[in-house]
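Read through the structure below, which is laid out as structure tokens, and then see the notes.
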Amino acid sequence: VDYYVFHDAAGYVYERAIHGGDGSPYMRDTYRYTPLLCWLLVPNHYFEWFHLGKMIFVVFDLLTGIIIQRLLKRCLTSKNSFQSVYLNSIWMLNPMVITISTRGNAESVLSFLIMLALYHLESGNLLIAGFLYGLSIHFKIYPVIYCLPIAIYIYQANKSSNWFSKLFTFGISTAVAILISTGLMYMIYGPEFLEQAYWYHLYRTDHRHNFSVWNLLLYFDSAQPSNESILSKLAFLPQLIIILALSALKLTEPTFLNLLNVLFVQTFAFVTYNKVCTSQYFVWYLIFL
């Protein structure tokens, strides 16, 4: 279903590019994402191949696997050359990962941005890492939960030298990426972009098709008049408390590998306690597994 939404939204963008007019991806009902996503699927309409976008998502899956492989080689202390291959197969040969992309979900694009940002963070390229991290937040809001563990990691790795300037570099680069991408989309599509891509996710419930622990409560709560329903507005509080508490785990060990461990636990908890939890959300923590 999501892929039909992406494809149709890309069709409106394509028609605007070819024939002009006011074509917007948000003319497609239930398109609640950044326009950058449907821009990726514009080739579907140019080449008149409906499944081309799925191939694009698969390519991002493979690129993510390459980055994971390189990170494993850097992080593993064992000299066993096959160990990183075995561990990387948890991503590359994972039926869940394969199914999510080939059925048309776009989580692989976000996975690629996050892992590439972490790869450059580990390499010390904070300007590039911050920019990629900012793009991942623009693509979907949830990676913002990683900012505190990453900040702690940068501090711990550089506290004997100029940690403040490095943290500042990463933060400014992240902010610039968010402002440029979000500002550009706002200039093109106006307030509707902010409403559909961001504000909607603050009050959405989607009680009909998710694995969330809140599912039944939200289902009953949806029967209440909208002015009396507060559960959907407060459900994020336990999630927020848990995420902030788990950030403290980064203080236990000042290594990049520990950062990856913390991000895994954080993401797992975020998905578990999120108001909406569908199968593609599992990929969010599988990249760290």
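Nearest heavy-atom pair, Phe50 versus Asn44, reported as atom, atom and distance to 0.1 Å: O-ND2, 3.1 Å. Scanning both residues, Thr182 and Leu194, for their nearest heavy atoms gives CG2-CD2, 4.1 Å. In this structure, Ser279 and Phe211 approach most closely via the heavy-atom pair N-CE1, 3.7 Å. Tyr12 and Ser24 make their closest contact through CB-O, 3.5 Å (heavy atoms, listed as atom of the first residue, atom of the second, distance). Taking each heavy atom of Ala106 and Phe139 in turn, the nearest pair found is O-CE2, 4.4 Å.
Classified by interplanar angle (parallel below 30°, tilted 30° to 60°, perpendicular above 60°), the ring pair Phe168/Phe164 is parallel. Using cut-offs of 30° and 60° for the angle between ring planes, the Tyr146 and Tyr142 rings count as perpendicular. Between Tyr46 and Tyr14, the ring planes are perpendicular. Angles over 60° get that label, and only those under 30° would be called parallel.
Donor-acceptor pairing under 3.5 Å is recorded for the side chains of Tyr198 and His138. When only modelled atom types and interatomic distance are considered, Gln156 and Lys250 share a side-chain donor-acceptor pair under 3.5 Å. Using modelled atom types, one finds a donor on one side chain and an acceptor on the other under 3.5 Å when comparing Arg74 with Tyr119. Looking at Asn261 and Glu253, their side chains never bring a donor and an acceptor atom within 3.5 Å of each other.
Other residues, nucleotides and ligands contribute more than 12 heavy atoms inside 6.0 Å of the CZ atom of Phe193. The neighbour count for Arg70 CZ, taken as heavy atoms of other residues, nucleotides or ligands under 6.0 Å away, does not exceed 12. For Phe256, the CZ atom counts as densely surrounded, since its 6.0 Å shell holds more than 12 non-hydrogen atoms of other residues, nucleotides or ligands.
In this structure, the side chain of Ser173 engages the main chain of Phe131 through a donor-acceptor pair within 3.5 Å. A donor-acceptor contact shorter than 3.5 Å is absent between the side chain of Trp39 and the backbone of Ala10. Between the side chain of Ser181 and the main chain of Ile178, a donor-acceptor pair closer than 3.5 Å is present. Formation of a donor-acceptor pair under 3.5 Å by the Thr252 side chain with backbone atoms of Leu249 is found in this model. Side-chain N or O atoms of His120 include none that pairs as donor or acceptor with a backbone N or O of Ile128 at under 3.5 Å. Within the 3.5 Å criterion, the main-chain N or O of Leu127 finds no donor-acceptor partner in the side chain of Thr169. In this structure, the side chain of Asn88 engages the main chain of Gly65 through a donor-acceptor pair within 3.5 Å. Between the side chain of Ser108 and the main chain of Val58, no donor-acceptor pair closer than 3.5 Å is present. Without hydrogens or angle criteria, Asn105 side chain to Ser101 main chain gives no donor-acceptor distance under 3.5 Å. Counting only distance, with no hydrogens or angles, the side chain of Tyr31 and the backbone of Cys38 share a donor-acceptor pair below 3.5 Å.
In this structure, Tyr285 has its ring center no closer than 6.0 Å to that of Phe270.
Geometrically, Lys54 engages Tyr3 in a cation-pi contact defined by less than 6.0 Å to the ring centre and at most 45° from the axis.
Using a 4.5 Å cut-off on side-chain heavy atoms (C-beta onward), Asp2 and Tyr33 make contact.
Going from atom CG of Asn258 over to atom CG of Leu251 covers 9.5 Å, rounded to the nearest 0.5 Å. Atom CD1 of Ile172 is separated from atom CG of Leu126 by 13.0 Å, given to the nearest 0.5 angstrom.
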